[in-house]
Amino acid sequence: MYDPKSEERWNAYWRETNLFRFDRENTSKPVFTIDSPPPNTTGGMHMGQTFWVSYIDSIARYKRLKGFNVLYPQGWDTQGFPVELEVEKRYGKNMPREEFYKRCVDYAKETIILMKSQMLRMGASFDESLEYVTMSDDYRRKVQLSLLEMYDKGYVYRASHPVEWCPSCKSSIAREEINETEKDTYFNYIRFGLKGRKGAKEHYIEIATTRPELLHACVALAVNPDDPRYSKEIGKTAITPVYGKEVQIISDPGIDKELGTGAEMVCTFGDKNDISMHYRHKLPLIEAIDESGTLKNAGKFSGMDILEARSAIIKEIESEGSLVKREQMKHNVKVHDRCSTPIELLSYTQWFLKTKDSSEKIKGNALSINWIPESAKQRLLDWADFIEWDWNISRNRIFGTPIPFWYCEACGEILPPKREELPVNPTVDDPKEKVCRKCGSTKIKGEKDVCDVWVDSSITPLVIAGWPDNKELMQRAFPSSVRIQGTDIVRTWAFYTAFRIGAITGEKPFENLIVHNMILNEEGKEMHKSLGTGISPESLIDRYSIDTVRLWVAGSGGIGKDKPFSYGEMEYAKSFISKLYNSAIFVKNAMGETRLPKEEPHKSFGVFDFWIMNRLNDVVADVEKAYDSFNLYEATNKLIDFFWHEFCDYYIENVKYRIRDDTKVPANSKKAAVYTLHHVLNKVLVMLSPIIPHAAEEINSMFSKESIFMNSFPEHAERESKADYIINGLVFKSAIVDFDYNDAGALLNRIIGEVRKEKSKSRAALNKEAKRININVPEAYYTVVFSSRQELQNICKASEISVTKGDELQVSVEL
RNA sequence: GGGCUCGUAGUCCAAUGGCCAAGACGUCAGCUUUACACGCUGAGGAUCGGAGUUCGAUUCUCCGCGGGCCCACCA
């Protein structure tokens, strides 16, 4: 029985022997570079991470067998909201900046230790000496350098721009950090007076709004130009209630005539639509809300928070007689995904990278990458076409890479540091340049904001290849050979990496990009820790084994689809590992004291030995092709099918009689069988070792003192003529027969299968002696079958056998 | 509303412009074959609907239906 306890032993052994270290000095082997995701250090490993860790590790191990010098580092994405939020959850928000910062660092360090041990337990063979951590000075230096490079190339600018702002986190946030939730609210119908016609009933215009508290920032009323109710009012002036301010009535085709009253108040800024109106109609800007979500420029309402102001102002509007009605409604509110606070749009001075003008370049870069699956590429292309704003990289937070710039408050000139000064921290450091180089002002300020986390992680292909210090390694290790990542971060990690690496180097970041989907629970729903619908990888390992989980990952289907988890499939994976282990025991017992012939064992080969060797040779080619296209599913299934249903079900059964009693078989027949058993088992183990390294190593240790990872991947050879046979990648010519061993083996196995079927139909045990077997074969196969009749008789346990020529294959059994 | 993507047995998951559409789990029947009952032999079971292209479509195109993801709108 395969004992999962041995798995931890092999993990320890591989680490002690440094078997998977990247060999820096070796320049003869080609480098294979793996850009694996640096996980957010927010907690223990989940199923999605288990999936990609074992997937990419299998590829790393395969490439080593193929003779590559595999550069496989593992990094940790430690900074930004995710960690800050975990720390807030644990310790609360109220503490000095320095203390909070330190707690973030400690939390990240703690989590790295946990996650690393979980990954290593899975058998991940990354080289620990190559680890990178985004909060380290060295990594930050590289991030800052990458920004300086982009600044030099004109990608960086600082500007006032409406940004999506979280009043609770007091920071601008990125679009991908926004969620939508449905909330109850009131749709308030409010009357605006029309200038010069005060008093008369028809001298009002009515709007509907969910945001009455923004009334003070109202800069226009907008109606649809095709709306007959309002067409004559366009260009006139309306008076806001409460504030009594004059605003123009403008027309815009974007206004929905059916919604509310068909008239809208435009505020700066209530929503995105207001922004486009603001630019389109060149409306004035009123800053309505401050950074912490309280009203400003709102007269007596200034200083109230949004909800407070909302009810206060409604009361005021009502008492003034301008409130027509309130309708309860549900509407979608954009909230910050980390804290669920509704976001606001604020005009704020921020740092930007020019993604919008770069979209064609980004697309070109994405197209030069080999996407697996192909269809994942479309996500990035669509996104690139959709960009509205440049990438806002500033975050008004604490735990992040400082934006490495100072600026002149007088003229806005950006003052970058010198490269050799990096890393810098403008949030606290004084500028080296005391006087603005452009206007001579001495009002030089350091940027207080830090970088968005994707700024850190979007240069991993450079960092892992030794950029910028090790130019020699860069030559060999960049672009990365492969990246693996989830489909959920194509728009972020893949997109920003393609953008930044393209901008900095002009090259693609990686040759191949594997995009995996989600692991769902058994019901096909997303796993959520909070809902208790998750399955912990640790519990699966404990219940099955590491390699069972790994085999499930590899064999669970194509990579482009969400995949429901299945205990049934886990059981199957477990069964295969048992099968493999048990068959190895058989081979071991079969060998006994037999010494393997060193040379020319095939002199004593029988037809089934030739057949299985040739089949192995075919499988080597199939499996290699599958691995080379990163298709672990195909590799796994080819290997399982061959091993289980050809090698075990037929080859082993067919040679048992030769093993059991070698006095009744030709000389050296047993030796040839034992040699073949061992050979095929060994090659299959080597081919499986990337996927189930622990089991392969454990089984291999029954036969060899050397690690299985010291092997090379088996060689495939092409047969030149049909009677050739191949052993270990070497082609041999058969001088005696002129038939194809693959066909012959298949035919003989079919005959054996027919005999089994006949016995099964008669409800007889398969090892029951048959009195007689009659085989009728077409003339073309007669020689093959006739010359193998003695073997067939032994394998099928028949007292007599007869082979006759006929039209089609017929097998009858007399019991 | 727009885009992308998918639809194969009870379930999961492959492949393919043409041989009988692969495999697994489950089901059913049989077999304790001295590696393995986590096994072996066998049985039954599927291309969402419609139209088109084609000698031929499950595969390509279009429409519809259904799922998933994304985006927009929601004053």
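All chains are named by letter (A, B, ...) in the order of the sequence lines, taking the proteins before the strands, and each is independently numbered beginning at 1. All values reported here derive from a predicted model rather than from experimental measurement.
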Which value, in whole Å, describes the distance between the P atoms of nucleotides B/U41 and B/A15?
-> 26 Å

When rounded to whole Å, the CG to P distance for the pair A/N637 and B/C25 reads 12 Å

Parallel, tilted or perpendicular for A/F187 and A/Y189, by the 30°/60° rule?
-> perpendicular

Side-chain heavy-atom pair A/Y243, A/L215 within 4.5 angstrom cut-off | yes

Rounded to whole Å, CD of A/E523 lies from C1' of B/G68 at a distance of 17 Å

Under 4.0 Å protein heavy-atom contacts per nucleotide of nucleotides 34-42 of chain B, with B for base, S for backbone only and - for none | -BB-BSSBS

For B/U58 versus B/C25, give the span between their P atoms, rounded off to a whole number of Å.
-> 29 Å

Whole-Å P distance, B/C4 and B/C63 = 11 Å

Which whole number of Å gives the distance between the P atom of B/G39 and that of B/A24?
-> 11 Å

Pairing partner of B/C4 (Watson-Crick or G-U wobble, both distances under 3.5 Å) = B/G68

May I have all residue pairs that pass side-chain hydrogen bond (donor to acceptor under 3.5 Å, both in side chains) and include part of residues 559-572 of chain A, sequence neighbours excluded?
-> A/N517-A/D562, A/Y544-A/E571, A/W552-A/E569, A/K563-A/E569

In whole angstroms, how far is the C1' atom of B/A75 from the CG atom of A/N224?
-> 13 Å

Which part of the nucleic acid does A/G260 contact within heavy-atom distance under 4.0 Å: base, sugar-phosphate only, or nothing?
-> nothing

Please state the C1' separation for the pair B/G30 and B/G23 - nearest whole angstrom.
-> 23 Å

Classify the ring geometry between A/F576 and A/W644 as parallel (under 30°), tilted (30 to 60°) or perpendicular (over 60°).
-> tilted

Examine distances only and state if a side-chain atom of A/D390 and a backbone atom of A/T355 form a donor-acceptor pair shorter than 3.5 Å.
-> yes

Does A/N700 use its side chain to pair, donor to acceptor, with the backbone of A/A696 at less than 3.5 Å?
-> no

In whole angstrom, what separates A/R326's CZ from B/A75's C1'?
-> 16 Å

For residues A/F565 and A/N521, determine if any side-chain heavy atom of one lies less than 4.5 Å from a side-chain heavy atom of the other.
-> no

Watson-Crick/G-U partner (both atom distances under 3.5 Å) of B/C73 | none

Please measure how far the P atom in B/A72 lies from the corresponding atom in B/U16, and state the result in whole Å.
-> 36 Å

Heavy atoms under 4.0 Å, any strand shown: does A/Y567 hit a base, just sugar-phosphate, or nothing?
-> nothing

Roughly how many Å is it from CE in A/M570 to C1' in B/C12, rounded to a whole number?
-> 15 Å

Do you know which two heavy atoms are closest between A/F269 and A/L214, and how far apart they sit?
-> O-CD1, 4.3 Å

Reckon A/G555 touches a base, only the sugar-phosphate, or nothing at all at heavy-atom distances under 4.0 Å?
-> nothing

Specify the residue among A/A765 and A/T209 whose closest nucleotide of RNA chain B lies further upstream toward the 5′ end.
-> A/A765

On RNA chain B, check which nucleotide each of A/Y572 and A/G262 is closest to and give me the residue with the more 5' one.
-> A/Y572

Rounded off to whole Å, could you give me the CG-to-C1' distance for the A/N521 and B/C12 pair?
-> 14 Å

Using the C1' atom on both, measure B/G66 against B/G50 and round to a whole Å.
-> 15 Å

Nearest-Å distance, CZ (A/F495) to P (B/C71)?
-> 13 Å

Of the candidates B/C12, B/A75, B/C71, the side chain of A/P564 sits closest to B/C12

Strand partner of B/A37, provided both Watson-Crick or wobble distances fall under 3.5 Å | none

Minimum heavy-atom distance A/P778-A/L809, with the two atoms named = CD-N, 3.8 Å

Please say which of A/K579, A/E7, A/K574 ends up in a side chain to side chain donor-acceptor pair (under 3.5 Å) with A/Y2.
-> A/E7

Once you round it to whole Å, what is the distance between P of B/A22 and OH of A/Y633?
-> 13 Å

Within 45° cone of A/F643 ring axis and under 6.0 Å: A/K638 NZ or CZ = no

Are any of A/N273's side-chain N or O atoms less than 4.0 Å away from OP1 or OP2 of B/C74?
-> yes

Watson-Crick or G-U counterpart of B/U54, or none if no pair lies under 3.5 Å = none

Produce the list of close N/O pairs, under 3.5 Å, pairing protein atoms with atoms of nucleotides 1-8 of chain B; give distances to one decimal.
unit_1 : atom_1 : unit_2 : atom_2 : d
B/G3   : O2'    : A/D382 : OD2    : 3.4

Supply the atom-to-atom distance A/R756 CZ to A/D649 CG, rounded to the nearest 0.5 angstrom.
-> 6.5 Å

Which value, in whole Å, describes the distance between the P atoms of nucleotides B/G2 and B/A51?
-> 25 Å

For B/A14, the Watson-Crick or wobble counterpart (both distances under 3.5 Å) | none

Watson-Crick or G-U wobble partner for B/U27, using a 3.5 Å limit on both distances?
-> B/A43

